[in-house]
Amino acid sequence: MTDTGPKTGNGTSGTGPRTALSSPTVRYVLRRLLQAALVMVLVMVGSFLLVKLAPGDFVDALAGTRDLTADQIAELRARYGLDQPVFVQLIRYMSLLATFDFGYSPINAAPVMDVILARLPVTAILVVASVTLSMVVGTVFSVIASRNAGRPLDLVISIFMLLLYATPSFIIAVLMILVFSVHLGWLPIAGFESVGMGYTGWTRFWDVVEHLTMPVIALCTFYIAIYGRIGRASMLEVLKLDFVRTARGKGLTEHRIFYVHALRNALLPLVTMAGLQVSSLMGGAVLIETIFGLPGMGRTAFDAVFQRDTNLLLGVVFMSSLCVVIVNYVIDMLYMVLDPRVNLK
Amino acid sequence: MTDTPPLLSIDNLAIGQGDNAPIVERIRFTVARGETVGLVGESGCGKSMTALATMGLLPGSLRVRAGEIRLDGAPIHALSQRKLRHLRGPSMSMIYQEPLTALNPVMTVGAQIREVLTTHLGLSRAKAHARAIELLTLTRIPDPAARMGQYPHQMSGGMRQRVVIAIAIACQPSLLIADEPTTALDVTVQAQILRLLKQLQTEQNLGLLLITHDLGVVRQVADRIVVMYAGSVVEEGDTDTVLDNPAHPYTAGLIAARPKGSRTEGAGRLADIPGSVPAPENRPTGCVFRDRCAIGQAICEGRRPLLTAHAGHSVRCHFPLSAASLASEVPS
């Protein structure tokens with residue numbers, strides 16, 4: 001008179017003694033780490049070879065700006081190992097990388113690690129602020145639109161989303177500078193913080209906030225539109241599902257049906273989108289970083305490419321890839337929390 | 001009839017979308033307190049829509065276009081969603097065909113039962129939790145306390161349907177609508193769920209409207225049977241009367257199309273009804289069944305038959321079958 005047991009049980013262990021390695025969680029984490037390491041190696045080898053495919057090295061770039069004798073050029077090449085065959089250079093680079101030594105950045109006259117550690121926070125703040133802001137604002141728009149689906153307000157939001165979607169972020173950036181910095185004088189035009197003021201604590205925090213407000217908004221607009229549109233579609237899809245009918249049949253309030261039953265299910269695709277957004281902003285905010293004069297990762301990569309600073313470029317690639325791998329991992333974890341059907345495999 | 005109105009009374013109900021042909025029309029039947037009524041018919045005949053209209057849960061732009069639905073004598077077909085909300089749960093509730101999709105995949109079973117109790121009965125979280133375990137115990141789910149923290153996907157189909165039933169009976173409604181509650185389940189589990197429904201119905205004196213296409217199920221649990229075809233009620237009466245002496249050719253066809261229990265009894269192929277249920281816009285004039293009917297005549301095309309009394313029940317046919325004619329018309 002009893003039904004068959006649960007089809008997928010939680011924590012049902014197999015036979016045999018339980019060691020750390022037999023725990024599914026530990027095995028899962030180990031497998032993910034191995035995957036991540038493999039991805040990083042492939043990315044670095046690929047990037048290294050791509051960079052070497054391009055003609056010229058940093059000595060050429062240097063020789064273009066100042067007079068160097070042939071001897072000096074040869075000596076510089078020999079010092080940085082640039083006279084070796086590409087394959088040898090690759091092996092050397094990868095074995096140094098294995099000890100987390102990113103090498104020396106000739107254009108900054110400093111170790112690559114120091115250059116990146118100085119610039120990573122700028123990009124990290126930009127990315128985290130943009131992802132958070134665009135997700136929150138996008139979700140709010142999608143909720144308002146789907147609650148009013150088919151009504152004029154939905155149409156107004158749809159048109160606004162389309163505008164945000166279609167306007168390039170650099171145009172929005174320049175317009176904002178014109179209005180808020182040049183005409184109104186409310187916000188600083190460029191930079192990460194006020195230089196030489198020696199601000200500390202909260203004063204410094206608000207100074208940074210003032211400087212980053214416009215860049216963050218410029219980076220957000222496109223993604224607000226994406227979240228708004230995906231969220232609205234997802235919400236309308238979920239509202240058609242059987243369990244929403246059940247919730248209504250239970251006599252729950254519309255408020256509860258909407259925000260407790262439907263919204264959590266509808267958010268899942270937005271979380272996936274957030275992962276993609278982080279990946280593309282990590283190194284892809286070059287334009288906005290350039291317009292606002294922010295010393296971020298995108299600008300660093302851009303400069304490194306033009307001055308043929310291979311080590312610096314590869315260091316930026318390494319850091320960006322690492323962030324993307326970590327963010328993907330976090331997104332997977334978040335998925336498991338949001339959707340209990342997703343399980344450790 | 002007695003002085004008190006029937007628990008559920010549906011009269012002359014028509015459901016449709018805009019000006020399109022109605023999906024169901026002239027639906028009329030009642031469900032009394034403590035009575036089980038079986039609503040049967042092929043897929044697409046409008047059984048589920050009738051049920052959803054009763055709950056006020058018609059999908060999309062479908063609306064009640066005519067007629068009335070009364071619960072305890074009070075009309076409910078024109079109530080706002082806001083007012084209907086207070087009836088769903090405490091006065092009427094519904095069990096659905098597919099228990100997996102009927103439950104929210106990202107909420108625990110416990111939370112889904114508790115919220116009915118907190119919403120309608122104003123129970124505290126702790127009291128709702130205790131009551132939810134009691135409800136699960138009533139549905140005979142194994143290890144009810146442990147189920148509370150589980151998600152629907154961690155359960156079998158039968159257990160999920162028990163959860164849906166627990167939700168449906170949580171506020172002790174007087175009317176329970178079960179829309180094909182066993183269709184998605186294994187045969188062995190089907191019998192358990194039916195027994196459970198029948199038992200809950202007796203214990204709590206529920207009016208049970210059981211929607212099914214399985215005449216065997218109806219025979220087992222229903223006191224009365226309402227046969228629907230192409231959006232209309234074609235026959236209605238006591239279960240045994242209708243199933244033993246069907247007067248409408250469609251009912252007779254449904255009975256003949258059932259697989260027999262033993263191979264020797266049926267001997268050979270299953271009988272079937274030629275053709276299929278027409279879409280609402282393609283329904284014939286006059287009697288809706290006439291183009292699939294073996295005994296149809298000219299009058300069936302010109303005039304739509306009324307639901308009239310015949311041999312102890314009601315039938316919508318110009319030429320109702322008698323026990324004698326049945327023997328010659330329908331091979332058995």
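Protein chains get the first letters and strands the later ones, always in sequence-line order, with residue 1 at the start of each.
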**Request:** For chain A, find which of B:Met94, B:Glu98, B:Gln112 contributes the most heavy-atom pairs closer than 4.5 angstrom.
**Result:** B:Gln112
**Prompt:** Which bit of B:Ile167 comes within less than 4.5 Å of chain A, counting heavy atoms only: side chain, backbone, both or neither?
**Reply:** side chain
**Message:** Quick check: do B:Phe29 and B:Ile10 have side-chain heavy atoms less than 4.5 Å from each other?
**Reply:** yes
**Fill in**
In terms of heavy-atom pairs under 4.5 Å with chain A, the winner among B:Ala111, B:Ala102, B:Ala191, B:Cys171 is B:Ala102
**Message:** So which residue, A:Leu338, A:Leu241, A:Thr253, ends up with the most heavy-atom pairs under 4.5 Å with chain B?
**Reply:** A:Thr253
**Asked** Side chain, backbone, both or neither: which part of B:Thr101 has a non-hydrogen atom closer than 4.5 Å to chain A?
**Response** both
**Complete:** So, the part of B:His86 with a heavy atom under 4.5 Å from chain A: the answer is neither
**Item:** A:Tyr227 ring center near A:Phe141 ring center (under 6.0 Å)
**Value:** no
**Message:** If only side-chain N and O atoms count, and only distance matters, is there a donor-acceptor pair under 3.5 Å linking B:Lys198 with B:Thr36?
**Reply:** yes
**Message:** Using side-chain hydrogen bond (donor to acceptor under 3.5 Å, both in side chains), reason through A:Tyr223 and A:Ser280 one step at a time and then give a plain yes or no.
**Reply:** CA-CA 11 Å; A:Tyr223 288 97; A:Ser280 75; 2.6 Å; yes
**Message:** Quick check on B:Met55 against chain A: is it the side chain, the backbone, both or neither that has a heavy atom closer than 4.5 Å?
**Reply:** side chain
**Message:** Report which part of B:Leu52 has an atom under 4.5 Å of a heavy atom belonging to chain A: side chain, backbone, both, or neither.
**Reply:** side chain
**Prompt:** Do the ring planes of A:Phe243 and A:His261 sit parallel (below 30°), tilted (30 to 60°) or perpendicular (above 60°)?
**Reply:** tilted
**Prompt:** Between the main-chain N or O of B:Ala184 and the side-chain N or O of B:Gln97, is there a donor-acceptor pair closer than 3.5 Å?
**Reply:** no
